[in-house]
Amino acid sequence: MEPITIREVSGRRALKKYVQFNIDLYKGNPYKVPPLILDELNTYSPKTNPALDFCEAVHFMAYEGRKAVGRITGIINRTLNEKTGRKEARFGFVDFVDDVRVSDALFDAVEDWARSKGMNRLVGPMGFTDMDPEGLLVEGYEELGTMATIYNYPYYVDHIVRRGFEPENEWVEFQGTIPPVMTEKHVRIAEFVRKRYHLRSVIKDYHNINDVARDYGHQMFELINEAYKDLYGYSTLTPKQIDYYLKIYIPIVRLEHLSLIVNEENKLVGVGIAMPSLSRALQKAKGRLFPFGFIPLLKALKGKNDIVDLLLVAIHPDYQNKGANALLFDDILPHFIKDGFKYAETNPEMVTNNKVQQQWDAFEHRLHKRRRAYSKNI
């Protein structure tokens with residue numbers, strides 16, 4: 001048994017090994033969805049990720065001899081700390097073999113780094129912002145993961161709790177069954193809300209997703225900032241971040257899987273974004289677009305797919321609890337039915353966010369995953 005050593009890693013070549021470790025650790029796991037290596041590298045690079053304008057980060061890898069056995073990233077989101085008044089660091093992108101020597105060495109390294117930066121608290125797993133995967137999976141290990149969430153082995157929980165971390169926040173995820181037809185009740189509720197609050201959908205006025213981005217792109221993310229501002233750990237998106245997400249994500253969204261609701265002043269009050277699940281396609285791609293990884297991804301986006309991922313739902317606070325979300329489903333649910341989707345997968349929702357969870361009561365659904373963030377005074 002060789003000793004565990006920790007190395008700080010930087011530079012594209014070393015970070016590529018950092019990303020590859022996660023893919024290798026879960027090789028053959030039927031539930032893990034591997035990331036695209038290029039996307040991960042862009043996440044870690046200040047040249048491509050505008051979150052690093054206000055976040056500081058360090059990346060560590062653990063080795064047993066010459067063999068990689070773990071990784072972890074330390075993050076300080078200065079904007080969020082200014083908002084909360086805390087001296088808080090985050091840990092994220094954490095993976096390790098089932099060996100307490102490894103997890104201890106990784107967390108010792110990131111805790112020492114955080115203290116050296118004047119921080120007195122460590123939370124995670126979290127990313128740079130809410131747009132990164134967050135929350136350790138604590139239930140649902142035998143459920144297929146998604147491209148937007150963390151999948152981890154069950155032993156991670158024991159290692160983190162052993163380090164003195166305590167639960168900080170909890171999220172739940174649901175899988176809903178797509179009904180074969182729109183129900184009269186749902187149509188009736190949508191029409192009632194539409195007339196009472198003078199709301200309308202604008203997506204039917206468009207034939208090109210780029211035109212939508214031109215007219216409503218910034219409003220979409222400004223609405224997200226307003227709707228999510230009080231949620232746990234939310235870091236307000238900057239104009240530069242908004243431009244970045246518009247550039248990389250909106251072009252791959254199908255127009256019929258987008259819903260935009262405006263009031264009588266043509267102000268955006270609701271947005272819903274969905275996408276065919278890329279989980280199985282990403283498993284086939286194994287982290288690489290080329291030479292052949294792009295083929296299953298294109299098939300997942302354009303071809304037959306049983307699962308649709310509900311990536312994002314945001315309702316302006318003034319219209320929450322007024323049924324405005326019914327208009328989002330009135331827009332996109334008929335397309336889900338037409339496209340042959342059988343199931344809809346939600347993103348993580350805070351367990352205390354009853355407003356969001358109540359919207360699934362109109363559908364047959366099951367709570368199938370649960371995840372937590374943990375914190376520790378350091």
Side-chain angles (χ1 to χ4, degrees), residues 12 16 19-20 22-24 26-45 48-49 131-133 143-151 173 175-178 203-204 206-214 216-217 220-221 243-260 271-313 328 331-347:
R12 195 171 183 85
K16 190 173 181 180
V19 177
Q20 188 66 46
N22 170 271
I23 296 171
D24 292 343
Y26 290 91
K27 186 177 180 179
N29 185 294
Y31 311 111
K32 162 72 175 178
V33 176
L36 289 173
I37 294 173
L38 180 61
D39 282 353
E40 289 288 279
L41 291 176
N42 287 338
T43 296
Y44 303 142
S45 172
T48 49
N49 186 356
M131 295 298 170
D132 299 313
E143 300 285 347
L144 180 64
T146 70
M147 66 177 182
T149 57
I150 294 169
Y151 183 88
E173 296 169 50
Q175 186 184 78
T177 300
I178 305 294
I203 206 67
K204 295 174 184 177
Y206 289 89
H207 302 285
N208 187 298
I209 194 70
N210 293 322
D211 293 338
V212 177
R214 178 198 65 212
Y216 288 100
M220 287 166 54
F221 285 97
D243 288 338
Y244 174 71
Y245 291 123
L246 284 173
K247 180 180 178 181
I248 65 172
Y249 290 129
I250 294 302
I252 63 173
V253 174
R254 287 159 58 174
L255 194 62
E256 63 267 28
H257 296 160
L258 175 67
S259 177
L260 301 177
V271 57
I273 303 176
M275 182 183 293
S277 171
L278 298 182
S279 295
R280 294 300 186 196
L282 286 167
Q283 288 179 331
K284 293 176 181 178
K286 299 179 181 177
R288 290 174 168 79
L289 278 176
F290 303 103
F292 304 115
F294 70 95
I295 296 175
L297 291 170
L298 286 177
K299 288 181 177 179
L301 286 170
K302 304 294 185 181
K304 183 174 175 55
N305 200 323
D306 287 344
I307 303 173
V308 61
D309 287 346
L310 304 178
L311 298 180
L312 185 148
V313 173
L328 301 178
D331 259 353
I332 61 179
L333 190 55
H335 294 289
F336 291 172
I337 296 169
K338 179 183 177 182
D339 292 342
F341 291 114
K342 295 180 180 179
Y343 305 103
E345 190 89 14
T346 74
N347 256 351

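Across all non-hydrogen atoms, the minimal contact from Asn347 to Ala148 is OD1-CB, 3.8 Å. Pro34 and Leu282 get closest at one heavy-atom pair: CG-O, 3.3 Å. Smallest separation of non-hydrogen atoms from Ile23 and Pro35: CD1-O, 4.0 Å. Closest non-hydrogen pair, Val271 versus Leu258, comes out as CG2-CD1, 4.4 Å. Listed here is the closest heavy atom pair of Leu41 and Lys16: CD2-N, 3.7 Å. Here the shortest heavy-atom pairing between Ala300 and Pro276 reads O-CB, 3.3 Å.
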CA sep, side-chain torsions, deciding dist, call: Glu345, Leu144, side chain to side chain contact (heavy atoms under 4.5 Å, CB included) = CA-CA 10 Å; Glu345 190 89 14; Leu144 180 64; over 6 Å; no

Report the C-alpha distance between Asn42 and Tyr244 in whole Å, list the side-chain angles of each, state the deciding distance to 0.1 Å, and finish with yes or no for side chain to side chain contact (heavy atoms under 4.5 Å, CB included).
-> CA-CA 11 Å; Asn42 287 338; Tyr244 174 71; 4.3 Å; yes

Given the rule in the side chain to side chain contact (heavy atoms under 4.5 Å, CB included) test, do Arg254 and Leu301 qualify, once you have shown the distances and angles that lead to the verdict?
-> CA-CA 9 Å; Arg254 287 159 58 174; Leu301 286 170; 5.7 Å; no

For the pair Ile209 and Ile250, evaluate side chain to side chain contact (heavy atoms under 4.5 Å, CB included) and give the outcome as yes or no after the intermediate values.
-> CA-CA 7 Å; Ile209 194 70; Ile250 294 302; 3.7 Å; yes

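Crowding of Tyr206 atom OH: a count of heavy atoms from other residues, nucleotides or ligands under 6.0 Å exceeding 12.
Put simply, the side chain of Met220 reaches to within 4.5 Å of the side chain of Ile273, judged on heavy atoms. Looking only at side-chain heavy atoms (C-beta outward), Arg12 and Tyr44 stay at 4.5 Å or farther from each other. Side-chain contact between Asp39 and Met147 is absent, with no heavy atoms from C-beta onward closer than 4.5 Å.
Judged by distance alone, with hydrogens and angles left aside, the side-chain atoms of Asn208 form a donor-acceptor pair with the main-chain N or O of Asn210 at under 3.5 Å. A donor-acceptor pair is defined here as one N or O able to donate and one able to accept, closer than 3.5 Å; such a pair exists between the side chain of Asn305 and the backbone of Ile307. In this structure a side-chain-to-backbone donor-acceptor pair under 3.5 Å is present from Gln283 to Pro30.
We find that Asp211 and Arg214 are joined by a salt bridge, their nearest charged nitrogen and carboxylate oxygen being less than 4.0 Å apart.
Atom-to-atom distance recorded for Asp331:CG and Glu256:CD is 11.5 Å, nearest 0.5 angstrom. Here the OH atom belonging to Tyr343 is positioned 6.5 Å from the CD atom belonging to Gln175, to the nearest 0.5 angstrom. Of the inter-residue distances, the one linking Leu255 atom CG with Ile203 atom CD1 reads 4.5 Å to the nearest 0.5 angstrom. The CG atom of Asp339 lies 12.0 Å from the CG atom of Asp306; values are rounded to the nearest 0.5 Å. Atoms NE2 and NE2, from His335 and His257 in turn, are 7.5 Å apart once rounded to the nearest 0.5 Å. Atom CG of Leu310 is separated from atom CG of Leu328 by 10.5 Å, given to the nearest 0.5 angstrom.
For the side chain to side chain contact (heavy atoms under 4.5 Å, CB included) test, residues two or more places apart in sequence or in another chain that qualify with Phe294 are Leu289, Phe290, Leu298.
Between Phe221 and Tyr245, the angle of the ring planes stays under 30°, which puts this pair in the parallel group of the 30/60° scheme.
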